[in-house]
Amino acid sequence: MLTLKLIQENPELVVEKLTKKNFDAREIMKEITETDKRRRETQHRLDMLQAEMNTLAKEIGILFKSGQKEKAEENKVRTITLKDDIQQLGNELNELEKSLNDKLVILPNIPHESVPAGKSAHDNITIRTGGPAARKAGETLPHWEFTQKTGIIDFETGVKLTGAGFPVYKGKGARLQSGLIRFFLDEAVNAGFTEIMPPLMVNAESAFATGQLPDKDGQMYHATEDNLYLIPTAEVPLTNIYRDMVLAEEELPVKITGYTPCFRREAGSYGKDVRGLNRLHQFDKVEIVCITHPDKSYAMLEEMVNHVAGLLDKLELTWRVVKLCGGDMSFTSALTYDFEVYSSAQDKWLEVSSVSNFETFQSNRLKLRFRDPETKKPRMAHTLNGSALALPRIVAALIENHQHNGEFILPEALHAYTGFKSI
RNA sequence: GGAGAGAUGGCAGAGUGGUCGAAUGCGGCGGUCUUGAAAACCGUUGUCCGGGCGACUGGACCAGGGGUUCGAAUCCCUUUCUCUCCGCCA
């Protein structure tokens with residue numbers, strides 16, 4: 001959520017910057033400005049009435065104490081209309097505030113100035129590449145064939161147990177999963193992140209604070225009986241740890257990591273893009289989350305990008321980093337880098353990580369602040385997060401790029417984690 | 001799941017209808033003293049929303065929501081959470 005202050009002080013700038021996200025904010029901004037103006041006026045009138053009421057009540061109290069009952073009763077009569085007015089204005093104010101909030105919540109985050117204009121993924125800009133040269137397309141089996149042949153991932157049984165998109169990992173397939181998770185966690189801890197094991201379900205308040213609600217309602221599994229949501233990413237519980245907090249400046253930057261399964265309904269996506277591991281309802285991911293001083297968030301973003309690049313290098317995958325264009329960025333992000341790895345078997349780039357700076361967009365909803373030592377006042381911190389990494393497509397890419405004569409040879413970095421070198 | 005008790009400022013803890021944003025202690029910050037520090041003493045000490053160029057000023061906030069009352073931290077209802085006991089259980 002954008003801060004009201006920014007909107008009040010510079011509405012034209014907000015409109016202009018949001019055009020990069022292909023979001024026409026003119027109409028909504030006009031409404032916000034008007035609603036805000038009315039809200040302030042109403043607040044002011046209400047405050048005055050309440051002040052009057054307070055004095056009156058105080059006077060009545062004094063009159064009663066000094067035994068002037070008749071005079072007190074006289075004053076009481078005057079409070080009746082005041083009370084009505086206060087009630088009515090209070091309702092008006094509530095409605096204005098609600099209406100204002102409903103409008104504010106619709107506005108996406110303002111993109112960083114370096115974000116390229118564009119409509120779709122085609123307009124993203126590749127800024128870095130790494131890893132070995134891509135293999136020739138078609139040399140290897142796609143992962144869904146390889147995993148079926150070797151029996152390490154059983155999609156059919158997943159369907160039997162739960163439904164499509166819930167695979168069962170078996171034997172070396174399961175060992176590969178748990179090994180990768182520990183590998184990613186170790187790497188994150190070595191890079192200074194503190195490991196957290198959060199709950200896998202969150203309440204609506206948490207889902208709202210990180211922006212999943214109301215924007216992505218319907219993408220999360222919802223346990224209606226208890227009104228809890230299965231987390232679509234560890235970002236939700238990890239970031240919400242710091243909801244409603246004022247941190248000391250020395251506590252920054254916060255660097256935390258966590259492994260969780262992630263649950264996504266993925267309503268409406270079918271077809272060949274969802275084949276095999278490409279899109280699942282439940283998948284494993286190690287997430288990294290940072291909270292920084294506003295001046296240091298972009299340096300942190302680079303650090304996170306380097307961390308992910310290091311992981312992909314150790315896994316000996318062919319990767320590239322793209323800077324997302326305005327049209328392809330998420331609602332909440334100010335700047336996002338996507339990592340993609342090349343799969344020769346599928347002959348395409350698979351998105352395996354997304355690293356973003358949200359600046360104060362999440363903090364504002366989270367009420368996540370730090371105390372500025374200069375002013376001694378709370379000030380909003382910046383939040384960032386990234387996948388480091390999401391497993392399924394990494395597994396797909398590993399299998400599809402590291403086959404030699406029908407055998408999947410694991411990258412050396414994983415040997416200690418899996419206890420075997422090939423499948 | 002059943003019975004009972006409770007939720008107050010950064011923390012501990014008073015306050016059971018009026019002048020209470022809230023005693024007191026601890027902590028924090030500033031100062032006096034000191035070569036420096038400690039101790040002692042003095043002062044200060046939340047957040048949010050309005051109004052004002054500003055000094056300053058109005059309002060809200062005692063877990064959340066609703067109610068009673070001229071007036072609620074205090075009374076009533078309700079939700080959530082915590083604790084104790086019982087039951088169940090990995």
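Protein chains get the first letters and strands the later ones, always in sequence-line order, with residue 1 at the start of each.
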Strictly below 4.0 Å, N to O, side chains only: are A:Glu92 and A:Arg38 in salt-bridge contact?
no
Evaluate the side-chain hydrogen bond (donor to acceptor under 3.5 Å, both in side chains) criterion for residues A:Ser206 and A:Asn203: first the C-alpha distance (whole Å), next the side-chain angles of each, then the deciding distance (0.1 Å), finally the verdict.
CA-CA 6 Å; A:Ser206 295; A:Asn203 55 33; 3.1 Å; yes
Is there a Watson-Crick or G-U wobble partner for B:rU19 with both distances under 3.5 Å, and which nucleotide is it?
none
For A:Thr150, the side chain to side chain contact (heavy atoms under 4.5 Å, CB included) test, sequence neighbours excluded, returns A:Phe146, A:Ile152, A:Ile423
Distance between P atoms of B:rG9 and B:rC86 (Å, rounded)
31 Å
Test side chain to side chain donor-acceptor pair (under 3.5 Å) applied to A:Asn91 - qualifying residues, sequence neighbours left out
none
Determine the interatomic distance between P on B:rG15 and the same-named atom on B:rG6; round to the nearest Å.
13 Å
Opposite nucleotide pairing with B:rC75, Watson-Crick or G-U, both atom distances under 3.5 Å
B:rG67
Do any pairs count as a side chain to side chain donor-acceptor pair (under 3.5 Å) and have a residue in residues 2-23 of chain A, sequence neighbours left out, and if so which ones?
A:Gln8-A:Asp36
What is the base-pairing partner of B:rG9, counting Watson-Crick and G-U wobble geometry with both distances under 3.5 Å?
none
Tell me, which pairs form a ring-ring contact (aromatic ring centres under 6.0 Å, His included) where one or both residues lie in residues 23-75 of chain A, sequence neighbours left out?
none
Between B:rU74 and B:rA63, how far apart are the two P atoms, rounded to whole Å?
8 Å
Hey, could you give me each pair passing side chain to side chain donor-acceptor pair (under 3.5 Å) that has a residue in residues 248-257 of chain A? Not counting sequence neighbours.
A:Lys255-A:Glu303
Check salt bridge (Lys or Arg N to Asp or Glu O under 4.0 Å) between A:Asp24 and all other residues, then give those that pass, not counting sequence neighbours.
A:Arg26
B:rC42 versus B:rC33 - spacing of their P atoms, nearest Å:
16 Å
Would you confirm whether A:His382, through its side chain, and A:His293, through its main-chain N or O, come within 3.5 Å as a donor-acceptor pair?
no
For RNA chain B, what residues of residues 225-232 of chain A have any heavy atom nearer than 4.0 Å?
none
Taking the P atom in each of B:rG64 and B:rC11, what is the distance between them to the nearest angstrom?
14 Å
pair_partner(B:rA60), Watson-Crick or wobble, both distances < 3.5 Å, evaluates to B:rU47
Sticking with atom P, work out how far B:rA7 lies from B:rC75, rounded to a whole angstrom.
10 Å
Considering only heavy atoms, which members of residues 74-92 of chain A lie under 4.0 Å from some atom of RNA chain B?
A:Lys76, A:Thr79, A:Lys83
Between A:Phe263 and A:Tyr229, is a ring-ring contact (aromatic ring centres under 6.0 Å, His included) present by the stated rule, with each step listed?
CA-CA 9 Å; A:Phe263 303 92; A:Tyr229 294 86; over 10 Å; no
What side-chain donor-acceptor pairs closer than 3.5 Å can you find for residues 67-74 of chain A, not counting sequence neighbours?
residue, atom, partner, partner atom, Å
A:Gln68, OE1, A:Ser66, OG, 3.2

Round to a whole Å and report the spacing from CD of A:Glu250 to P of B:rC29.
10 Å
Write out all pairs satisfying side chain to side chain donor-acceptor pair (under 3.5 Å) with one or both partners inside residues 356-366 of chain A, taking only residues at least two apart or from two chains.
A:Glu235-A:Gln362, A:Ser297-A:Asn357, A:Tyr298-A:Glu359, A:Thr336-A:Ser356, A:Gln362-A:Thr383
With the side chain counted from C-beta on, respond yes when A:Asp84 and A:Gln87 share a heavy-atom pair under 4.5 Å apart, and no when they do not.
no
What does B:rC85 pair with, Watson-Crick or G-U, if both distances are under 3.5 Å?
B:rG2
Starting at the 5' end of nucleotides 46-63 of chain B, put B wherever the base has a protein heavy atom under 4.0 Å, S where only the sugar-phosphate does, and a dash everywhere else.
-SSBSS------BSS---
Near RNA chain B, under 4.0 Å by heavy atom, which residues of residues 56-64 of chain A?
A:Ala57, A:Ile60, A:Gly61, A:Phe64
B:rA22 and B:rC77: how far apart are their P atoms, nearest whole angstrom?
30 Å
Figure out the CG/P separation between A:Asp244 and B:rG10, and round it to whole Å.
12 Å
Between B:rC76 and B:rG4 - P atom distance, rounded Å
15 Å
Given side chains that start at C-beta, do those of A:Glu287 and A:Ser387 come closer than 4.5 Å, heavy atoms only?
yes
Given the ring of A:Tyr259, does A:Lys285 sit roughly above its face, with NZ or CZ under 6.0 Å from the centre of the six-membered ring and within 45° of the axis?
no
Any strand: nucleotide that pairs with B:rA55 via Watson-Crick or wobble, under 3.5 Å
none
Watson-Crick or G-U wobble mate for B:rU32, both contacts under 3.5 Å
B:rA40
